[in-house]
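Reading through the structure tokens given below for one structure.
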Amino acid sequence: MEDCLFCNIIAGKIPSEKVYEDDLCYAFRDISPLAPTHFLVVPKAHLASAAEVTEENAAVVGHIFAVIAKLAKDMGFADGFRVVTNCGELAGQTVHHLHFHVLSGRQLGSFN
Ligand code: AMP
Ligand code: ZN
């Protein structure tokens with residue numbers, strides 16, 4: 001996906017502050033953090049959003065959640081964090097490559 005921002009970040013064509021990487025996913029700091037810890041975890045294979053998850057490609061989502069749980073322990077925020085994925089423009093999705101926001105380090109409100 002040549003014109004996809006996050007595909008270009010994964011490919012290293014656009015700089016990012018890497019948090020974690022493996023064969024299936026890439027994690028990097030959000031450029032406009034909403035909490036002291038705020039990074040994004042994305043599958044390396046392009047999927048537009050959570051609406052494109054199927055039985056065939058869903059394994060990467062479970063993998064990403066396992067990675068997030070490990071990072072929470074390793075980075076010291078396992079006591080409280082939020083994982084969010086916005087799906088579609090009505091939900092505030094601005095980058096159309098599936099990504100999971102990981103937020104921690106402040107008291108989070110009931111929905112924002
Ligand atoms: P969403 O609104 O759920 O689609 O989230 C997109 C997120 O990507 C926002 O929180 C942006 O701050 C973040 N973002 C946009 N461009 C970059 C970038 N170049 N590097 C890191 N994060 C970015
Ligand atoms: Zn992409």
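Nothing fancy with the numbering, it's 1 onward along the sequence. Only this structure's heavy atoms are used, side chains among them; waters, hydrogens and symmetry mates stay out. Remember, it's 1-based here, ligands and their atoms both numbered in the order they're listed.
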Which atom of His46 approaches the Zn ion (ligand 2) most closely (N/O/S): ND1
Opening angle at the Zn ion (ligand 2) [SG, Cys4; ND1, His97; to 10 degrees]: 110°
Option passing side-chain contact (heavy atoms from CB on, under 4.5 Å) with Pro43 (candidates Ile64, Leu24, Val53, Val61): Ile64
Flag, side chain of Ser49 to backbone of Leu98, donor-acceptor distance under 3.5 Å: no
Heavy-atom donor-acceptor pair, Lys44 side chain to Glu21 backbone, under 3.5 Å: no
His101 and His38 aromatic ring geometry - parallel, tilted or perpendicular at 30°/60° bounds: tilted
Metal site the Zn ion (ligand 2): N/O/S of His96 inside 2.8 Å: no
Any Tyr20 side-chain heavy atom under 4.5 Å of Val41 side chain: no
Proximal protein residues to ligand 1, non-hydrogen atoms under 4.0 angstrom: Leu5, Phe6, Ile9, Phe28, Arg29, Asp30, Ile31, Ser32, Leu40, Asn86, Gly92, Gln93, Thr94, Val95, His99, His101
Tyr26 ring center near Phe6 ring center (under 6.0 Å): no
Ser110 versus Arg82, closest heavy-atom pair with distance: O-NH2, 4.0 Å
